[in-house]
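In what follows, a single structure is set out as structure tokens and then discussed.
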Amino acid sequence: MNIVFVFGDQHRWCSTGFGGSRQVQTSYMDRMAGEGVVFDLAVANIPVCTPWRAAFLTGQYPLTTGMFMNDVRLPVDRPTLGTVLRTAGYDTAYIGKWHLDGPSRGGYTPPGPRRQGFDFWAVGNCTHDYMRSLYYRDSEDPLYWTGYDAEAQTSLAIDYIRTRERDRSFALVLSWGPPHNPYDAVPGRYLDRYPPEEIEVRPNCPVSGRSDLSGYYAHITALDDQLARIGQVLEERELMENTIFVYTSDHGDMHGSHGRQRKQHPWDESIRVPFVMRCPGQAHAGLRVETPFNVVDIMPTLLGLAGVPVPGTCEGRDHAPAVRGETFRGNEAAYIMSIAPFSEYRGQPWRGIRTRGHTYVRNLDGPWLLFDNLEDPFQMRNLVGCAGHDALQRRLDGRLEQEMALRGDALLPADHYLERFGYEVNDAGAIPYDNEVSRPDRRG
């Protein structure tokens with residue numbers, strides 16, 4: 001069983017056709033949804049880049065790994081998706097954005113443990129210069145993708161797929177930088193499809209943001225075209241029926257909803273992401289899994305679908321039975337959090353749960369947000385403290401307490417956790433990083 005796992009950066013659920021958008025064009029993602037499996041409530045535990053990537057690769061929550069900030073290095077002392085699959089005999093590959101190797105965003109990750117089990121390597125730690133995007137292979141010589149990086153990265157991924165031997169399974173992770181801002185760093189032929197004056201904003205959006213949404217949608221449609229290229233090569237090589245083929249994202253983007261921007265917020269625009277797959281053995285085409293599916297569930301689910309034993313270090317659940325249509329009681333809630341807010345979000349730390357019907361969030365002051373997501377899908381009426389909802393609030397607060405106790409999480413001020421893990425932050429509350437490019441030492 002092969003695995004092709006593709007994800008964008010900052011792509012929210014509601015900005016897909018199969019997620020309900022009437023504007024953004026995602027024809028191939030919609031086709032995957034019709035032919036495959038959709039996790040309707042895929043959630044980013046901490047909706048920001050590095051923490052999601054660490055949880056995806058380890059199946060562990062941020063307070064287990066210490067990966068609750070951007071620009072910190074993922075420990076090499078635990079199983080990851082890459083190391084487990086390589087041990088199981090897979091060829092492993094990673095192409096695109098990494099953002100797991102510490103504060104040197106332009107730095108080189110050498111072969112060895114810091115690559116977390118991925119052998120084929122064409123990676124930049126972190127860049128959003130999509131038209132001149134830095135990456136490295138197996139030397140310190142810096143390389144740059146030609147043109148729009150998502151397209152060039154996809155071409156390399158296709159070359160990798162075409163050169164695989166059929167008698168050995170492979171696992172490829174392709175990590176795109178878009179649709180993360182800058183929103184206008186996208187080929188003009190995509191921008192032309194979305195005139196800003198024709199963009200509709202969400203009802204919960206008091207700020208226009210139409211120009212940003214124009215570029216955001218352009219990026220998403222560009223990625224949809226690249227996903228279609230991968231699907232085409234899987235079909236041409238008759239691999240689709242033996243490949244777990246996934247598209248998802250690490251977190252969403254507020255785009256002015258509730259007066260907020262970017263991520264790290266507990267509203268659905270930030271925490272809820274697309275997750276669609278084609279999978280051998282799926283119960284039927286167009287299957288929708290409606291229970292919450294958190295990022296820590298991804299690793300054990302991929303391993304379960306591939307028939308590879310799930311390491312005991314994983315804190316997520318294997319949802320393969322749900323994909324196969326077997327009797328399976330899904331997650332009652334997805335545990336969500338912000339441990340040490342930084343950069344675009346400098347509010348209080350918070351902890352919460354997202355159930356199928358509700359969002360409940362507590363910050364340092366106590367209960368903060370409560371939404372009935374079925375009656376109020378745009379989350380415009382906060383029910384905290386409202387008459388008639390006391391019992392519901394108590395029940396959800398008790399459920400959140402259970403999650404926090406299970407994870408040894410006390411919802412303390414950010415400084416407690418920064419000191420515990422030895423992190424020093426700047427005035428923005430962030431780990432200081434640099435964009436300096438690694439240069440080979442030519443002095444001899």
Are any side-chain N or O atoms of [X] and backbone N or O atoms of [Y], one a donor and one an acceptor, separated by less than 3.5 Å?
{"X": "Ser169", "Y": "Met1", "answer": "yes"}
{"X": "Asp250", "Y": "Gln10", "answer": "yes"}
{"X": "Tyr90", "Y": "Ile3", "answer": "no"}

Quiz item: Side chains of Pro274 and Thr16: does their closest heavy-atom pair fall under 4.5 Å?
Solution: yes
Quiz item: For atom CZ of Phe328, is the number of surrounding heavy atoms from other residues, nucleotides or ligands below 6.0 Å larger than 12?
Solution: yes
Self-check item: Glu238 atom CD, over 12 foreign heavy atoms within 6.0 Å
Solution: no
Practice problem: Could you pull out the closest heavy-atom pair between Met32 and Met277, with the gap in Å? | Solution: CE-CA, 4.2 Å
Self-check item: For Met29 against Ile220, the heavy-atom pair lying closest together
Solution: CE-O, 4.3 Å
Exercise. Applying salt bridge (charged side-chain N to carboxylate O under 4.0 Å, His left out), run through Arg288 and Glu290 and close with a yes or a no.
Key: CA-CA 6 Å; Arg288 310 289 286 230; Glu290 297 182 341; over 6 Å; no
Quiz item: For Trp121, which of Tyr135, Trp98, Tyr136 qualifies under ring-ring contact (aromatic ring centres under 6.0 Å, His included)?
Solution: Trp98
Quiz item: Can the positive tip of Arg210 be found less than 6.0 Å from the middle of the six-membered ring of Tyr194, inside 45° of the ring normal?
Solution: no
Quiz item: Taking the six-membered ring of Phe342, is the NZ or CZ of Arg346 close enough (under 6.0 Å from the centre) and on axis enough (within 45°)?
Solution: no
